[in-house]
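Starting from 1, each residue takes its place in the sequence as its number. Order of appearance sets the numbers: ligands from 1, and atoms from 1 within every ligand.
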Amino acid sequence: MAAIYSDLAGAVVIVTGGAGGIGEAITRAFIAQGARVGVLDIDAARGAKLETEFGDSLLFVPCDLTDIPALKAAVQTVRDRFGPIGVLINNAAHDERHATLEVTEAYWDGRIAVNLKHQFFAAQAVLPDMQAAGKGAIVNLGSTSWVIGQGGMAAYTASKSAVLGLTRSLARDFGEFGIRVNAVAPGWIMTERQLELWVTPESEKEIYERQCLKRRLVPDDIARVIVFMASDEAGAITNQHYIVDGGWN
Ligand SMILES: NC(=O)c1ccc[n+]([C@@H]2O[C@H](COP(=O)([O-])OP(=O)(O)OC[C@H]3O[C@@H](n4cnc5c(N)ncnc54)[C@H](O)[C@@H]3O)[C@@H](O)[C@H]2O)c1
């Protein structure tokens, strides 16, 4: 049974990429808190399924987050339905691998757009609501990939390390309005995509060798930390980069 944070009942939350993977676990965790959740995701089928499951508590807005005007319109759609946004979880990303010598300028820009740029503009779209309320919480999803020096995905690791700088600048600029901004950096989390694409018996062996905790980490491990970070229980925590990796680092 997960902890319940009473201040999150009725909170208006946006989860980007909230229809699949870790984002879906985050969406479900906020719904369990009694929050009203706007899910912005490109996966229309999964989003519609969640909307059917959760009815009035969840609004799915299909949206390609690399399209910034569409992102801003989607935030407004959530605001029109549920009211001012109190919590933003910048979760969406795409961890496609790429060989450095084959990366074109257009491909690079596309990776930055899907892994970094929307985090800034989603924050920009909700910050005025939070300023007016005198409080708010933003949690940006980072990654330990750049911390451990992972190769084969330079545009992804560059984006994910930049999430830390983005987080700390926003925390500095908006702390005076009672707005907290933190980053949560997952280790290796066993989402459907990871299991399908990357997890092999050899890599699983590495998990058990490198993690202090000898078990698979799952999306709910991240969702629980994020809900805590968004709650008043974390009311003095801002400007932080919190690693959840079972002790890999
Ligand atoms: N799974 C891991 O091991 C792991 C490790 C470190 C960090 N992370 C981070 O956690 C977050 C979630 O990762 P995940 O593993 O759940 O990813 P995932 O690929 O399983 O899910 C990503 C979600 O984002 C959505 N999405 C992707 N591109 C989009 C776009 N252009 N517009 C709108 N929605 C889009 C997808 O439809 C999907 O629902 C990411 O920020 C990722 O970098 C994950």
Under 3.5 Å, side-chain donor or acceptor atoms of residues 148-159 against the rest of the protein: list the pairs with distances, not counting sequence neighbours.
| from | atom 1 | to | atom 2 | distance (Å) |
| --- | --- | --- | --- | --- |
| Thr157 | OG1 | Met153 | O | 3.2 |
| Thr157 | OG1 | Ala154 | O | 3.2 |
| Ser159 | OG | Ala155 | O | 2.8 |

Which atom pairs, donor and acceptor, lie under 3.5 Å between side-chain atoms of residues 119-128 and protein residues at least two apart or in another chain?
| from | atom 1 | to | atom 2 | distance (Å) |
| --- | --- | --- | --- | --- |
| Gln119 | NE2 | Asn90 | O | 3.3 |
| Gln119 | NE2 | Leu141 | O | 3.3 |

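Both Met229 and Leu217 are part of a single hydrophobic cluster, where members link through side-chain heavy atoms under 4.5 Å apart.
Distances below 4.0 Å separate heavy atoms of Cys63 from the following atoms of ligand 1: 32 (N), 33 (C). Remark: ligand 1 atoms within the under-4.0 Å shell around heavy atoms of Tyr156 are 7 (C), 8 (N), 42 (C), 43 (O). For ligand 1, the atoms closer than 4.0 angstrom to any heavy atom of Gly21 are 16 (O), 20 (O). Under a 4.0 Å criterion applied to the non-hydrogen atoms of Trp188, ligand 1 contributes the atoms 3 (O). Which parts of ligand 1 touch Lys160 is read off a 4.0 Å heavy-atom cut-off, strictly below it: atoms 40 (C), 41 (O), 42 (C), 43 (O). Less than 4.0 angstrom separates some heavy atom of Val114 from each of these atoms of ligand 1: 28 (N), 31 (N).
Judged by the 6.0 Å and 45° rule, Arg210 forms no cation-pi pair with Tyr208.
When only interatomic distances are considered, the shortest N/O to N/O separation between Leu40 and ligand 1 does not fall below 3.5 Å. For the pair Thr144 and ligand 1, the shortest N or O to N or O distance does not fall below 3.5 Å. In terms of N/O distances under 3.5 Å, ligand 1 is approached by Asp41. Below 3.5 Å of separation, one finds no N or O of Ala93 facing any N or O of ligand 1.
Using cut-offs of 30° and 60° on the angle between ring planes, the pair Phe228 and Tyr5 is tilted.
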